[in-house]
Amino acid sequence: MDGDTHLLAVIGDHGGTEIVGGVGTAMDPNWDLGKLLRIDLGTGDSEIVSSGLRNPQGFARDAQGTLWESEHGPRGGDELNILVPGANYGWPVVTYGTQYERRDYPGNPVQGWHEGYQKPVHVWVPSIGVSSIVFSDSEEFPLWRGDLLITGLADRILYRARIQDDRVVYVEPIAIGQRIRDMVELSDGTIALLTDDDAHVMFLSRAE
């Protein structure tokens, strides 16, 4: 929610990668695809807040009100972004990843770089299959308070990222052994993880 009357929603490009007139649907202001939208719940009207997003998976607000988003890149190049009004995150023109059947990304003017657009805060190369993100405020894990928890599909790992001054200081991998699709922090501080393969719910709590 953005106040009491507006909803923030982040939308993927749904495969709209074709570049026409220098932009794809994720950059085209005539499309809602690949955008962060602000929706008026009274009228149903929406406005584009930021653009150039590929495949958003996680969306969270930190204690300072900053909006964070995780998204799948192509092969390599999963991103963690801070979403700010008016910013263009470059998809489908630039990416740190490569095309699936190639060793480069066609159309990127500087291969392996992300020039000319809003840059991600952190990138995973190779991809981890990033999914849900949650800022921890857990009494169950007091050393994690304020940290960003990030779930992975491909490598079956939960990542704990220490965030300071809007940058990732370090990332700790915690092996789970399951593809994690979604995550929520419960009121008692326990972390609930939804597995992708069999839709089981796992509960993560602190050892004695």
Side-chain angles (χ1 to χ4, degrees), residues 8-17 24-26 33-36 50 52-62 67-83 89-92 94-105 112 114 119-136 138 140-141 144 147-163 167-186 189-205:
L8 295 172
V10 62
I11 312 296
D13 77 339
H14 290 265
T17 58
T25 54
L33 300 180
K35 310 294 193 303
L36 169 62
S50 52
L53 306 174
R54 183 179 185 267
N55 188 341
Q57 294 289 307
F59 190 35
R61 180 187 277 118
D62 67 18
L67 298 173
W68 296 71
E69 175 253 7
S70 61
E71 69 176 69
H72 290 163
R75 187 175 68 174
D78 285 359
E79 294 182 4
L80 178 66
N81 292 302
I82 292 177
L83 299 186
Y89 293 81
W91 181 258
V94 296
T95 174
Y96 283 107
T98 66
Q99 193 61 274
Y100 289 103
E101 68 277 8
R102 302 170 61 110
R103 295 180 182 273
D104 61 359
Y105 184 76
H114 195 285
K119 291 180 172 59
V121 175
H122 188 76
V123 179
W124 288 271
V125 179
S127 295
I128 64 170
V130 66
S131 50
S132 182
I133 60 174
V134 166
F135 276 95
S136 180
S138 173
E140 183 72 9
F141 299 97
W144 294 9
D147 290 348
L148 182 62
L149 305 181
I150 305 156
T151 54
L153 292 163
D155 57 6
R156 303 167 189 263
I157 286 175
L158 171 68
Y159 294 89
R160 180 178 68 91
R162 173 61 47 84
I163 306 295
R167 71 183 187 92
V168 177
V169 179
Y170 65 81
V171 177
E172 176 191 5
I174 302 166
I176 298 297
Q178 296 276 349
R179 289 169 53 89
I180 304 300
R181 174 60 65 179
D182 204 358
M183 166 180 52
V184 65
E185 186 174 272
L186 304 181
T190 302
I191 308 297
L193 305 171
L194 176 67
T195 67
D196 189 58
D197 297 324
D198 49 19
H200 287 168
V201 177
M202 305 170 65
F203 296 99
L204 191 66
S205 57

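The structure presented is a predicted model; accordingly, all values stated were derived computationally and were not measured.
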Original post:
Can Ser131 and Thr151 be counted as having a side-chain donor-acceptor contact under 3.5 angstrom?
Top reply: yes
Original post:
To the nearest 0.5 Å, what is the distance between NE2 (His72) and CD (Glu79)?
Top reply: 11.5 Å
Subject >> Min side-chain heavy-atom separation Val134-Ile191 under 4.5 Å >> reply: no
Subject >> Set of residues satisfying side-chain contact (heavy atoms from CB on, under 4.5 Å) with respect to Ser136, sequence neighbours excluded >> reply: Ser138, Trp144, Leu149, Glu185
**OP:** Go through the structure and list residues passing side-chain contact (heavy atoms from CB on, under 4.5 Å) with Ala154, not counting sequence neighbours.
**Re:** none
Subject >> Student check: side-chain heavy atoms of Leu148 and Ile133 closer than 4.5 Å >> reply: yes
**OP:** Could you please spell out the steps behind the side-chain contact (heavy atoms from CB on, under 4.5 Å) verdict for Leu83 and Leu8?
**Re:** CA-CA 11 Å; Leu83 299 186; Leu8 295 172; over 6 Å; no
Subject >> From CZ (Phe141) to CG (Leu204), nearest 0.5 Å >> reply: 4.0 Å
Subject >> Closest contact, heavy atoms only, Ser205 versus Glu140 >> reply: CB-OE2, 3.4 Å
Original post:
Phe135 and Ala60: which non-hydrogen atoms are nearest, and at how many Å?
Top reply: CD1-CB, 4.0 Å
Original post:
Counting only N and O atoms by type, is there a donor-acceptor contact under 3.5 Å from the side chain of Asn55 to the main-chain atoms of Gly12?
Top reply: no
Subject >> Gap between atom CD1 of Ile82 and atom OG of Ser50 - 0.5 Å precision >> reply: 12.0 Å
Subject >> Arg75: partners by salt bridge (Lys or Arg N to Asp or Glu O under 4.0 Å), with sequence neighbours left out >> reply: none
Subject >> Pairing residues for Arg156 by the side-chain contact (heavy atoms from CB on, under 4.5 Å) criterion, not counting sequence neighbours >> reply: Arg179, Asp197
Subject >> Flag, side chain of Tyr105 to backbone of Pro92, donor-acceptor distance under 3.5 Å >> reply: yes
Original post:
So how far is it from Leu158 CG to Glu172 CD, rounded to the nearest 0.5 Å?
Top reply: 9.0 Å
Subject >> Donor-acceptor contact below 3.5 Å, side chain Lys35 vs main chain Val10 >> reply: no
**OP:** Mind checking side chain to side chain donor-acceptor pair (under 3.5 Å) for Trp68 and listing every partner two or more places apart, or none if nothing turns up?
**Re:** Asp62
Original post:
Does any N or O in the side chain of Asp78 come within less than 3.5 Å of the main-chain N or O of Ile128, such that one atom is a donor and the other an acceptor?
Top reply: yes
**OP:** Sequence neighbours left out, what passes ring pair (Phe, Tyr, Trp, His ring centres under 6.0 Å) with Tyr96? Give chain and number order.
**Re:** His114
Original post:
Partners of Asp147 by side chain to side chain donor-acceptor pair (under 3.5 Å), sequence neighbours excluded?
Top reply: Arg160, Arg162
Original post:
Mind checking whether Val130 and Leu80 have side chains closer than 4.5 Å, heavy atoms only?
Top reply: no
Original post:
Who are the side-chain contact (heavy atoms from CB on, under 4.5 Å) partners of Val171, not counting sequence neighbours?
Top reply: His122, Tyr159, Ala161, Val168
**OP:** May I ask you to test the Asn81-Glu69 pair for a side-chain heavy-atom distance under 4.5 Å?
**Re:** yes
Subject >> Side chains of Leu186 and Val184 in contact at under 4.5 Å (non-hydrogen atoms) >> reply: yes
**OP:** Side-chain contact test, heavy atoms from C-beta onward, threshold under 4.5 Å: evaluate it for Arg181 versus Leu153 and give yes or no.
**Re:** yes
Subject >> Thr195 side chain to His200 backbone, donor-acceptor under 3.5 Å >> reply: yes
Subject >> All side chain to side chain donor-acceptor pair (under 3.5 Å) counterparts of Trp91, not counting sequence neighbours >> reply: Asp13
Subject >> All side chain to side chain donor-acceptor pair (under 3.5 Å) counterparts of Arg102, not counting sequence neighbours >> reply: Asp104
Subject >> Spatial distance of atom CE (Met202) from atom CD1 (Ile180) [nearest 0.5 Å] >> reply: 5.5 Å
Original post:
For the residue pair Leu53 and Ala26, what are the closest heavy atoms and their distance?
Top reply: O-CB, 3.5 Å
